[in-house]
Structure formats: structure tokens, C-alpha cells
Amino acid sequence: MNVLVVGGGGREHAIVWALSKSPLVKQLYCAPGNAGIAGLAQCVSIKATDVDAMVNWAKSNAMDFVVVAPDDPLALGMVDALEAAGIPAFGPKANAAVIEASKSFSKDLMEKYHIPTARYQAFTSLDAALAYIEAQGAPIVVKADGLALGKGVIVAQTVEEAKQAARSMLSGQAFGAAGTKVVIEEYMTGPEVTVLAFCDGKTLAPMPSSQDHKRAYDGNQGPNTGGMGAISPVPCFTEELARQCMDTIFRPTVDAMAAEGHPFHGVLYFGLMLTPDGPKVVEYNSRFGDPECQAVLSLLDSDLMEIFQACRAGTLDQVDIRWKAASACCLVLASGGYPGPYQKGCPITGLEDAGRAALVFHAGTALSSDGAVVTSGGRVLGVTALGDTLDAAIAAAYAGAKHIRFDNMQMRSDIGRAF
Ligand code: AMP
Ligand code: GLY
């Protein structure tokens, strides 16, 4: 099969890497891809959000299957458009991707189907939002309703901070249209765990649990980022908790989406908080998380292409999905200054040596005119290693990363140990 993967970050490199091992896949393409992906797939210079150009290219180049990995094209209906053009595609249609693209949709769904989550109310009126914040007190959480590049959540420690967040979101200043509706919710506490699950509309197959590290600096300090590292599986997420989540969260969510006429095909991301009152949903995403994907897929011992096809066809119950009995750690190497402004175009050295010690998934990399690999984004690389134990996986990822150098490289030294 000719297979196109849409996206160009570390998550997409991990997906391309896993698909490259499938006997079902003849030729791989990735749009737009990056310098690392270019070693496994032919990169196509089309923006991930350009639905029309993507569909036209897939059609004229005889793609047999397209994997849509990032949130924006999913919310824009890229899977709907591909399927309408007769091209089989992996990922939720727009009416299911809404579980991530609209927080008020997902909160209303959880309320209707009694899925445990933080208490909340949605607002479009500033006066009503301010009155609610005043009545509830702090700490309290203010969220933009729409997609806001992972930055639309303010965990406010004071009433004034929460009011300020509501003002800047509802005025459209902070996130444009994505913020003109806000969800204000109860502050929850406890460890955070991600569970990704393959879904075919009715059946779901959870992957090993994982844990992102969202803050920029050690000790979970500093600004929120796209994710500075991930481990899988998470030691505190016991079999018993997994069973409890299956009964109270995972299955009810997939059933609810089907019952509402929004059957979910693709990867459903459950962002969970293990609160003193039991596991609750912090957020849903309609895709693999990044960098959770890199850690989790490195543990997959089955054919990813076969799983993707089954998710689309509704035959997931017939696929045996196996996972390595190991742990994984993905360590993100970022550009100095990230998530704020950073320099691009810095040459990267040590990739070959690192690649002998670990899986080096590229995120923000590009090839310079003379063929050298240079930085081109905030998150640059995801050095990923396996081990018999979590400690061994962490040690192996750090050992791999030691070989890599670029100007102002930034990484956390406590991935897997900060909780
Ligand atoms: P989200 O973009 O919804 O994942 O939120 C980003 C981060 O904000 C989460 O990973 C949590 O750490 C935090 N957060 C979101 N909602 C809450 C909540 N209700 N209580 C406490 N922390 C939260
Ligand atoms: N790592 C969090 C996300 O992909 O949303």
C-alpha cells in the first residue's frame, strides 16, 4: 500500500517508524514531515492544515490509505474529505474530533453520561463568568472552549487571576474565536496519567498508560509546553485503576459518542487525574499525544497498519494487539527559550551515535541547503529508549541524549522522576 501520514512532529516520526515495519506498507509519504522522517518516508511539502491540497495530492498520487495525526486537520474535517474522495483514512471525522475541539461539547457529554470529571459551567457572557468565579472562589480553572495550541487552560490560584483569564479569553484577545466561549471548572488534585486507546466506533483497545511532563523545567516548574518527556507505562496506574477507568470512563465515553451519533474511529486520548475521589477526566484529545506517542509506540509489538485499518473498518475486536513487557522513556530535547521565542537553524551533531543507543524521533528539524540537520522548531528531538524497568529506560534515554549537541539545547533532567 501507498500510505501518507499527515503531520511533521515527533509523534508523526514515531507513527512513520512503526508503519515502516509493516509488511502491508509498500511506500510511505509524510506531509510535511521533517529531517528525520525523510529517512523513512518521502516528504511532501503540504501544510498539515491544507485539506484541499492534501486530498488532491493523495488522489493524484494514488494513496491507498492516509493517517491524519494532528488535531487541527482532524477538526477541519480532513478525514471526512478524504473518505468523500474515496481515500480510506485513519482518524476521527470532524463530528467525533469535536470531543477535543470543543471543551463544552466534551463536558456536556460527560455530564449527560455520568462520566467523572471536574464540576463546571460554560459561559459566553463575561458578567456571568465573573459572577460564577466570585461565587466559586479560587483555585479554579478557566479553559478556552476551542483549540488553542495547548495554551488555553489557566489554573488560577486567585479569583483575580481567574477573572483576568476570563476577560482576555471572552474578549477574543487571547485566542480569537477559540476563546469566545469558556469553560470554568473545579480545581482537581492528584497525579496525571494519559491513556491512549485505539477505537473503531464501538470497540476500544487501551494502550499502555503513559505520562507527559508539561512544564518546561525540572520539578514541574516554569511555563506549560507541548510536553518535555514521557514515560510508559506509569507505575502508579495499577491494573485495578485501569479496570475502574475502563468501567467508569473509557467504555462509557466510546458508547456515549456512538449513542450521540458521533462514533469515534481513531486514537482517543484520555487525560486523567487520579484524584482522592477516584480517577476523573481532565481532557479528551482526538489523537495520539506528543510525546506520549513516541514512548507508547516504541512498546508496540504488533502491526500498526493492521490496527489502523481495523479502527477504520470496525474490526478491532479481531486484532490481537501485543505490547513489549518493558518500559519506555522519551526525552525531549528543545530549543533554548522554548516555549517562548527561540533560535532556529542551529546545526545538530551526534545524531548517529545517539541513534545507535536509542530511537531518535525528530520533531522540529530540517535539512539545511548543504544537507546538514538543523533545528527548526521548539521541540527538536525525542530520544526514546526501552528498558526492563522504568529506571533502566530512563537511564538509557539520558545515555542516548548525551551524544547530541546543538546551541542552547534545553532538556529536563528529571523525566520519569518528577511525580
Ligand atoms: P488541558 O489542556 O485540559 O490538558 O489542561 C492543561 C493542564 O492544566 C492539565 O494537564 C492539568 O495539569 C491542568 N488542569 C486542567 N484542568 C484542571 C483541573 N480541573 N484541575 C486542576 N488542573 C487542571
Ligand atoms: N502531550 C499532550 C498532548 O499531546 O496533548
Side-chain angles (χ1 to χ4, degrees), residues 7 9-12 14-15 69-72 74-75 97 99-107 110 116-122 133 136 138-157 161-162 165 169 175 178-179 182-196 207 209-216 220-232 234 267-277 279-297 330 332 334 339 361 363 378-379 382 415 418-419:
R11 166 182 57 204
E12 288 75 17
I15 291 171
D71 51 356
D72 292 324
L74 290 168
I99 198 167
E100 169 171 8
S102 168
K103 295 225 187 262
S104 57
F105 172 89
S106 66
K107 295 299 287 191
M110 287 185 268
T117 188
R119 260 184 298 112
Y120 77 103
Q121 224 162 293
I133 290 167
Q136 297 292 314
I140 191 161
V141 182
V142 183
K143 301 186 174 186
D145 183 60
L147 294 177
L149 296 170
K151 294 180 185 137
V153 174
I154 301 293
V155 179
Q157 296 302 330
E161 193 188 342
M169 286 184 199
F175 307 110
V182 296
V183 164
I184 301 181
E185 66 177 37
E186 169 199 7
Y187 173 74
M188 303 187 287
T189 56
E192 284 185 62
V193 175
T194 300
V195 176
L196 305 169
M207 303 178 216
S209 61
S210 54
Q211 193 163 48
D212 189 8
H213 296 63
K214 289 199 168 121
R215 300 297 192 107
N220 297 323
Q221 302 296 310
N224 260 320
T225 69
M228 294 298 291
I231 54 159
S232 176
V234 185
V267 170
L268 188 49
Y269 173 123
F270 297 92
L272 307 170
M273 197 172 274
L274 309 180
T275 78
D277 303 326
K280 294 188 183 179
V281 176
V282 179
E283 63 164 345
Y284 294 117
N285 291 325
S286 59
R287 52 176 173 83
F288 281 108
D290 185 336
E292 290 99 322
C293 177
Q294 293 89 310
V296 171
L297 282 189
C330 169
V332 171
F361 294 122
R379 292 190 291 175
I415 298 302
F419 293 89

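Counting starts at 1 for both ligands and their atoms, following the listed order.
Between Y187 and ligand 1, no N or O atom pair is found at a separation short of 3.5 Å. Of the polar atoms of K214, at least one N or O is found under 3.5 Å from an N or O of ligand 1, judged by distance alone. Residue K214 has no N or O atom closer than 3.5 Å to an N or O atom of ligand 2. An N or O contact shorter than 3.5 Å links D212 to ligand 2 by distance.
Considering CG of L268 and CE of M207, their distance stands at 9.5 Å, rounded to 0.5 Å.
Residue E185 has at least one heavy-atom neighbour below 4.0 Å for each of these atoms of ligand 1: 16 (N), 17 (C), 18 (C), 19 (N). Atoms of ligand 2 lying under 4.0 Å from at least one heavy atom of Y269, given by number and element, are 2 (C). Residue contact check: N285 has heavy atoms under 4.0 Å from atoms 5 (O) of ligand 2. Near G289, meaning under 4.0 Å from any of its heavy atoms, are these atoms of ligand 2: 4 (O). Close contacts between ligand 1 and K103 involve ligand atoms 3 (O) [criterion: under 4.0 Å to a heavy atom]. The distance from ligand 2 to the heavy atoms of E292 drops below 4.0 Å at these ligand atoms: 1 (N), 2 (C).
For the residue pair A144 and A178, the shortest heavy atom distance occurs at CB-O, 3.6 Å. Considering all non-hydrogen atoms of both residues, V281 and T117 come closest at O-OG1, 2.8 Å. Nearest heavy atoms, C293 versus I15: SG-CG1, 4.1 Å. Considering all non-hydrogen atoms of both residues, P291 and D212 come closest at CD-OD1, 3.4 Å. In terms of heavy-atom proximity, P339 sits nearest to A216 at CD-CB, 4.1 Å. Here the closest non-hydrogen pair linking V282 and M188 is CG2-CE, 3.8 Å.
Residue, atom and distance of the protein heavy atom nearest to atom 5 (O) of ligand 2 are R287 NH2, 2.9 Å.
With a heavy-atom cut-off of 4.0 Å, T194 does not touch ligand 2 at all. At a 4.0 Å heavy-atom cut-off, ligand 2 does not touch R11 at all. At a heavy-atom distance under 4.0 Å, no atom of E283 approaches ligand 2. Residue contacts with ligand 1, taken as heavy atom pairs separated by less than 4.0 Å, involve E186 solely via the backbone atoms N, CA, C and O.
Not a single donor-acceptor pair under 3.5 Å links the side chain of D71 to the backbone N or O of N285.
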Worked verdict on K103 versus E185 for side chain to side chain contact (heavy atoms under 4.5 Å, CB included): CA-CA 11 Å; K103 295 225 187 262; E185 66 177 37; over 6 Å; no

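Among E100, R287, E292, the single residue meeting the side chain to side chain donor-acceptor pair (under 3.5 Å) criterion with Y269 is E292.
A 4.5 Å side-chain heavy-atom check between V153 and E283 finds every atom pair outside the cut-off.
Within the 4.0 Å heavy-atom shell around ligand 2 one does not find G227. Proximity of A230 to ligand 2 is not established, as no heavy-atom distance is less than 4.0 Å.
Comparing K280, E100, M188, E192 by heavy-atom distance to atom 9 (C) of ligand 1, the nearest is E192.
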